[in-house]
**Student:** 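Attaching a single structure in structure tokens format; questions to follow.
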Amino acid sequence: MIDLNFISRFKTKAKYKKTYKNAKLSYLNRIRWAVSMFYFGMGLCFATWASRIPDIKTALHLGSGELGTILFAIPLGQLIIMPFSGKLVTRFGSHRILIFSLLLYVLSLSSLGLAITSWQLSLGLLFFGIFGNLSNIAVNTQGVYTEELFKKTIMSSFHGMWSLAGFLGALVGIGMLALNLTPLIHFMIVGGIVLLLMIFNFKFLIKAKETIKTEKKKLFTKPDSALIWLGVIGFCCMASEGVMFDWSGVYFKDVIKAPGPLVILGYTSFMIMMAGGRFFGDGLIHKFGRKPVMQISGIMISAGLFTSVFFPYLIPSTIAFMFVGLGVSTIVPTIYSIAGKNPTVPPGEALTIVSSVSFLGFLMGPPVIGYIAELFGLRFSFAFIGVFGILIAFMVSRIKAIQ
């Protein structure tokens with residue numbers, strides 16, 4: 001087994017309540033900015049890799065089927081680390097795990113540019129998935145802590161920074177291609193930027209120690225039912241989100257028959273509205289409450305997908321995809337926020353439970369769409385996913401943890 005005890009050497013003695021109880025607003029804002037930059041760095045890394053997939057596919061002479069198999073290494077890596085990520089964050093602290101994992105996330109990104117064979121790329125993506133998931137649990141735990149300090153909902157804005165980084169990362173990728181820079185140079189430049197973000201902000205991460213009950217626990221215990229149901233809501237949302245990521249371009253090309261560059265219009269409109277919705281979502285939740293906002297969000301997902309199915313034309317479908325983007329924007333940040341405040345489970349472990357169930361939607365949604373489309377057509381498969389939004393609205397109304 002890998003000995004991770006060396007991480008504890010960096011342990012600080014700061015206590016969450018004592019250190020930040022009487023902190024000035026300016027210092028709290030600096031903490032919020034620091035945490036936001038870690039979300040931004042993670043989003044930038046992922047978008048940077050995604051922007052060079054076609055280039056790497058060509059360089060390694062990969063077929064579409066072979067590439068699909070190799071890409072499965074990312075979710076495989078995430079699934080491997082999921083049982084341990086929450087426990088690591090709880091034991092060593094989210095601030096230390098975040099620094100450790102994001103550093104390795106950056107290094108694994110750079111290693112992808114060195115791959116010259118398919119097995120090297122697969123191995124690199126496996127580690128990319130492992131450290132990506134570990135960073136995800138740690139940074140969302142930091143987001144929960146920061147939200148507690150502000151005593152208001154701010155989680156959506158953190159996820160908005162991830163979405164903004166994804167959008168900017170795609171633009172940077174286009175620029176790197178225009179300059180004819182290799183993936184390795186591109187990845188190293190972005191890695192350097194993320195390292196600088198870490199250097200200027202790691203000191204402001206929240207140093208908190210979990211309160212863990214000392215009674216002996218069984219190796220396998222039944223998870224909190226509220227967390228499971230939050231995970232199911234996340235499953236439905238991330239299935240819809242994953243479908244938009246992987247199939248919106250295909251839908252606009254094959255169903256909408258969008259001409260030339262307008263093929264990306266659906267994806268672009270979805271991404272812009274998802275990022276915008278996350279920046280405005282906190283204010284809406286503060287004003288109207290989590291439950292109404294999440295119910296309306298679920299209805300918007302269904303309305304958007306059904307509109308694109310019944311009116312498969314350029315303008316109606318573009319507007320419809322904007323509705324889907326707004327719908328998915330606040331749901332996952334909100335369920336993470338609720339999970340992180342669970343009174344019986346430490347935030348890191350609670351987030352692991354919820355994100356594990358949620359991520360299955362992101363993993364399974366796109367392939368299921370492909371199978372359904374093969375049998376009944378792409379419009380029918382989008383209608384199938386559209387039902388998930390209605391399920392979200394229904395489940396939100398039944399879960400007591402959502403207020």
Side-chain angles (χ1 to χ4, degrees), residues 37-78 80-81 99-136 139 161-201 242 245-246 248-250 253 260-261 263-264 267-268 271 275 366:
M37 288 299 98
F38 276 85
Y39 275 92
F40 185 89
M42 288 178 56
L44 191 60
C45 285
F46 186 81
T48 297
W49 149 247
S51 69
R52 299 307 293 261
I53 290 176
D55 199 30
I56 292 175
K57 176 178 180 292
T58 301
L60 298 185
H61 307 289
L62 301 174
S64 297
E66 188 177 5
L67 176 63
T69 302
I70 291 173
L71 291 178
F72 190 72
I74 293 180
L76 179 61
Q78 293 175 322
I80 288 173
I81 196 63
I99 295 169
F100 170 76
S101 58
L102 186 54
L103 176 61
L104 292 178
Y105 194 45
V106 169
L107 292 176
S108 60
L109 171 66
S110 298
S111 73
L112 298 177
L114 294 170
I116 57 176
T117 63
S118 58
W119 74 264
Q120 290 175 338
L121 181 61
S122 298
L123 184 62
L125 289 175
L126 181 72
F127 285 105
F128 194 62
I130 288 173
F131 297 121
N133 179 263
L134 197 55
S135 298
N136 176 57
V139 78
M161 292 300 293
W162 191 96
S163 299
L164 178 62
F167 185 71
L168 293 177
L171 293 180
V172 170
I174 294 173
M176 294 293 181
L177 285 170
L179 294 173
N180 293 318
L181 295 180
T182 64
L184 177 60
I185 295 175
H186 179 186
F187 295 167
M188 291 182 68
I189 291 173
V190 171
I193 293 172
V194 176
L195 289 177
L196 286 175
L197 292 176
M198 293 176 63
I199 290 171
F200 285 111
N201 292 286
F245 273 111
D246 291 359
S248 58
V250 178
K253 181 179 179 181
V263 167
I264 67 169
Y267 174 79
T268 304
M271 282 296 297

**Student:** Less than 4.5 Å apart, side chain to side chain, heavy atoms only: is that true for Thr48 and Val172?
**Tutor:** no
**Student:** Are side-chain heavy atoms of Leu103 and Met198 found at a separation under 4.5 Å?
**Tutor:** yes
**Student:** Nearest 0.5 angstrom please: Leu102 CG to Leu107 CG, how far?
**Tutor:**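 Taking CG in Leu102 and CG in Leu107, the distance rounds to 10.0 Å.
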**Student:** When rounded to the nearest 0.5 angstrom, what is the spacing between CG in Leu121 and CG in Leu126?
**Tutor:**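 Nearest 0.5 Å value for the CG-CG distance: 11.5 Å.
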**Student:** Is the shortest heavy-atom distance from the side chain of Leu104 to the side chain of Phe127 under 4.5 Å?
**Tutor:** no
**Student:** State, to 0.1 Å, how close Ile130 and Gly77 come at their nearest heavy-atom pair, and which atoms those are.
**Tutor:**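 For Ile130 and Gly77, the tightest heavy-atom pair comes out as CG1-O, 3.3 Å.
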**Student:** Could you walk me through whether Val139 and Trp162 pass side chain to side chain contact (heavy atoms under 4.5 Å, CB included), step by step?
**Tutor:** CA-CA 11 Å; Val139 78; Trp162 191 96; over 6 Å; no
**Student:** Stepwise, does the side chain to side chain contact (heavy atoms under 4.5 Å, CB included) test hold for Ile189 with Met176?
**Tutor:** CA-CA 10 Å; Ile189 291 173; Met176 294 293 181; 4.0 Å; yes
**Student:** Compare every heavy atom of Gly124 with every heavy atom of Ser108, then report the nearest pair and how far apart it is.
**Tutor:**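 So the minimum-distance heavy-atom pair works out to CB-O, 4.5 Å.
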**Student:** Run His186 and Leu177 through side chain to side chain contact (heavy atoms under 4.5 Å, CB included) and show every step you take.
**Tutor:** CA-CA 9 Å; His186 179 186; Leu177 285 170; over 6 Å; no
**Student:** So which atom in Ala165 and which in Ala47 form the shortest heavy-atom distance, rounded to 0.1 Å?
**Tutor:**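 Answer, listing the atom of Ala165 first, then Ala47: O-CB, 4.1 Å.
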**Student:** Return the CG to CD1 distance between Asn136 and Ile81, rounded to the nearest 0.5 Å.
**Tutor:** 12.5 Å
**Student:** Hey, could you give me the CG/CE distance between Leu44 and Met37, rounded to the nearest 0.5 Å?
**Tutor:** 10.5 Å
**Student:** Taking the side chain as every heavy atom from C-beta outward, state whether Leu62 and Ser118 have any pair of such atoms under 4.5 Å apart.
**Tutor:**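 The answer is yes, as the side chains (C-beta and beyond) meet within the 4.5 Å cut-off.
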**Student:** Say you draw a straight line from CG of Leu168 to CE of Met161; how long is it, rounded to the nearest 0.5 Å?
**Tutor:** 9.0 Å
**Student:** Tell me the closest heavy-atom pair linking Phe187 and Leu109, and the distance in Å.
**Tutor:**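 Minimum heavy-atom separation between Phe187 and Leu109: CD1-O, 3.2 Å.
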**Student:** What's the shortest heavy-atom distance between Ile56 and Pro183, and which atoms?
**Tutor:**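 Nearest heavy atoms, Ile56 then Pro183: CG1-CG, 4.1 Å.
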**Student:** About how many Å separate OG of Ser110 and CD1 of Ile185, when rounded to the nearest 0.5 Å?
**Tutor:**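 If I round to the nearest 0.5 Å, the distance is 12.0 Å.
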**Student:** Heavy atoms only: give me the nearest Cys45-Val194 pair and the separation to one decimal.
**Tutor:** SG-CG2, 3.9 Å
**Student:** Below 30° counts as parallel, above 60° as perpendicular, anything between as tilted: where do the rings of Tyr105 and Phe128 land?
**Tutor:** parallel
**Student:** Could you go step by step and tell me if Val190 and Val106 meet the side chain to side chain contact (heavy atoms under 4.5 Å, CB included) rule?
**Tutor:** CA-CA 9 Å; Val190 171; Val106 169; over 6 Å; no
